Protein chains: 2
Amino acid sequence: MDSSSLSIGQVAKGAGVGVETVRFYEREGLVPAPKRRPSGYRQYPADTVRRIHFVQAAKELGFTLREIRELLSLRVTAGKKCADVRKLAHEKLAEVDAKLTELQRMRAALAQLAASCTGKGPTSECPLLDALDAQGDAHVHR
Amino acid sequence: MDSSSLSIGQVAKGAGVGVETVRFYEREGLVPAPKRRPSGYRQYPADTVRRIHFVQAAKELGFTLREIRELLSLRVTAGKKCADVRKLAHEKLAEVDAKLTELQRMRAALAQLAASCTGKGPTSECPLLDALDAQGDAHVHR
DNA sequence: ATGGACCCTGTAGTACACTACGGAGTCAAG
DNA sequence: CTTGACTCCGTAGTGTACTACAGGGTCCAT
């Protein structure tokens, strides 16, 4: 096997997932179908590991595989205009910013909870919700 | 029906979910079982809507219902020591901070992609991954 | 007192994202 | 040239988080 190509097992191990997951991601279009050896064995380029890391990270952040596929395909290609790419990028940026805001609210609430717990504070029904409320709301539907 | 109590339908509408979801969350311990009218109808306090909003937001951020249940039960009660609560709060805080870091990396990458697209930039295989890489990595397993 | 909107319980079905398995072929170290 | 680890494909099973009935009972405006 040539030096700069990986077997599915090496990719899986490198990315911390099972080989079945790699094949699943291929079927789902999250990892491009790799070249094959005459035997049919898959030969992956090294950056496939990075790609799967990205998928895992994005999943942890609440993106679906469908959304991650969109993120990964965000590039200017033959059939796609630059303006379209920029438009989608801005949409995703807005989503990310919304998540950032919520996470920061939650972070503040958790920090407050941890701090308020240094001794004699009263026991609220749900300090986390209280803290979030105190932070100031601004979400209507969703 | 007394003024400060809501039917399951009102709660569901207020939270933007179906009534089945509210009952599901009750079974799963995400929403406390409410008082009942003699007929068996559920009577919810007003803050149930807020609680469900929190569940939805946390879900969007990649927390599982199990984790959200933990977050919601983060309080000092009879059987739980303050130190334990603080410990768990700090653990969750670390998780949130990790998510924040990843999201900020992704945000920077998306912003760069959107900006780099103002005209003549070269078409990379995957600008988003490139941008993330350029950001500097520091994750090993997961 | 009636009818349409609402609620009850329980069970079953769906979508998503894997995960496991069976039966066969391939690779490479010894 | 054997043998044990690895790979192939296809299909089936799992866990999570809903979502949709079915077959009833309840509420209340008219």
Side-chain angles (χ1 to χ4, degrees), chain A residues 1-45 48-49 51-72 142, chain B residues 1-3 5-45 48-49 51-72 141-142:
Chain A
M1 191 186 315
D2 115 28
S3 68
S4 72
S5 86
L6 305 172
S7 71
I8 193 170
Q10 289 171 320
V11 166
K13 194 171 175 193
V17 302
V19 296
E20 319 284 353
T21 302
V22 180
R23 284 198 283 254
F24 174 72
Y25 284 174
E26 181 179 325
R27 283 199 297 282
E28 297 297 309
L30 292 159
V31 168
K35 285 184 311 199
R36 299 294 188 110
R37 304 173 66 174
S39 60
Y41 279 29
R42 289 168 178 82
Q43 288 186 106
Y44 290 99
T48 305
V49 173
R51 202 177 170 92
I52 295 175
H53 273 311
F54 175 81
V55 173
Q56 299 294 305
K59 231 167 42 85
E60 294 270 306
L61 295 173
F63 291 97
T64 64
L65 295 192
R66 167 187 300 275
E67 289 168 331
I68 297 169
R69 192 164 41 230
E70 272 184 14
L71 283 170
L72 284 169
R142 152 165 279 158
Chain B
M1 193 188 313
D2 118 26
S3 67
S5 88
L6 305 173
S7 71
I8 192 170
Q10 290 172 318
V11 167
K13 194 171 176 193
V17 301
V19 296
E20 319 283 353
T21 302
V22 180
R23 285 197 282 255
F24 174 72
Y25 284 173
E26 181 178 325
R27 284 200 297 284
E28 296 296 310
L30 292 160
V31 167
K35 285 183 313 197
R36 300 292 188 112
R37 303 173 67 171
S39 60
Y41 279 31
R42 291 169 178 82
Q43 288 185 109
Y44 290 98
T48 305
V49 172
R51 203 175 169 94
I52 295 175
H53 273 311
F54 176 81
V55 173
Q56 300 294 304
K59 231 166 42 82
E60 294 269 307
L61 296 173
F63 291 97
T64 63
L65 294 192
R66 167 187 299 276
E67 289 168 330
I68 296 169
R69 192 164 42 231
E70 272 184 15
L71 284 170
L72 284 169
H141 73 294
R142 156 166 275 161

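Residue numbers start from 1 in every chain, and the chains themselves are labelled A, B, ... in the order their sequence lines are given, proteins ahead of strands. These numbers were taken from a predicted model, which means no experiment stands behind them.
Arg23(A) is linked by a salt bridge (Lys or Arg N to Asp or Glu O under 4.0 Å) to Glu20(A), counting only residues two or more places apart in sequence or in another chain. The side-chain contact (heavy atoms from CB on, under 4.5 Å) test applied to Lys59(A) returns Tyr25(A), Gln56(A), Leu65(A), Ile68(A), not counting sequence neighbours. In this view, Glu67(B) satisfies the salt bridge (Lys or Arg N to Asp or Glu O under 4.0 Å) rule with no residue, not counting sequence neighbours. Under the side-chain hydrogen bond (donor to acceptor under 3.5 Å, both in side chains) criterion, Glu70(B) pairs with Lys92(B), sequence neighbours left out. Qualifying side-chain contact (heavy atoms from CB on, under 4.5 Å) partners for Pro45(A), counting only residues two or more places apart in sequence or in other chains: Asp47(A), Thr48(A).
Per the geometry, CD1 belonging to Ile8(B) stands 14 Å off C1' belonging to dT19(D), to the nearest Å. Distance Leu65(A) CG to dA17(D) C1': 15 Å, rounded to the nearest Å. With rounding to whole Å, Arg69(A) atom CZ is found 12 Å from dC18(C) atom P. As a whole-Å value, the separation of Ile68(B) CD1 from dC18(D) C1' is 13 Å. For the pair Arg36(B) CZ and dG25(D) P, the interatomic distance rounds to 17 Å; values are reported in whole Å. Rounded to whole Å, atom C1' of dT26(D) lies 13 Å from atom CD of Gln43(B). In this structure, Glu60(B) atom CD and dC18(D) atom P are separated by 11 Å, rounded to whole Å. As a whole-Å value, the separation of Leu30(B) CG from dC18(D) P is 9 Å.
Summarising the geometry, atom CZ belonging to Arg42(B) is positioned 4.0 Å from atom CZ belonging to Arg36(B); distances are rounded to the nearest 0.5 Å. To the nearest 0.5 angstrom, Arg69(A) atom CZ is 8.0 Å from Thr64(A) atom OG1.
For the OP1/OP2 pair of dC6(C) and a distance below 4.0 Å, the side-chain nitrogens and oxygens of Arg42(B) include no atom meeting the criterion. The shortest distance between the side-chain N/O atoms of Lys59(A) and the OP1/OP2 oxygens of dC16(C) is not below 4.0 Å. At dC27(C), one or more side-chain N or O atoms of Ser39(A) fall inside 4.0 Å of OP1 or OP2 (strictly under the cut-off). Between dG25(C) and Arg37(A), no contact under 4.0 Å exists linking OP1 or OP2 to a side-chain N or O.
Residue contacts for Gly9(B): at a heavy-atom cut-off of 4.0 Å it reaches the sugar-phosphate backbone alone, with no base atom in range. Residue Gly40(A) is classed as a sugar-phosphate contact, given heavy-atom separations below 4.0 Å to backbone atoms only.
Contacts between residues 19-28 of chain A and DNA chain D, defined by a heavy-atom separation under 4.0 Å, are made by Arg23(A).
The base of dC6(C) is paired with the side chain of Tyr41(B) by a donor and an acceptor separated by under 3.5 Å.
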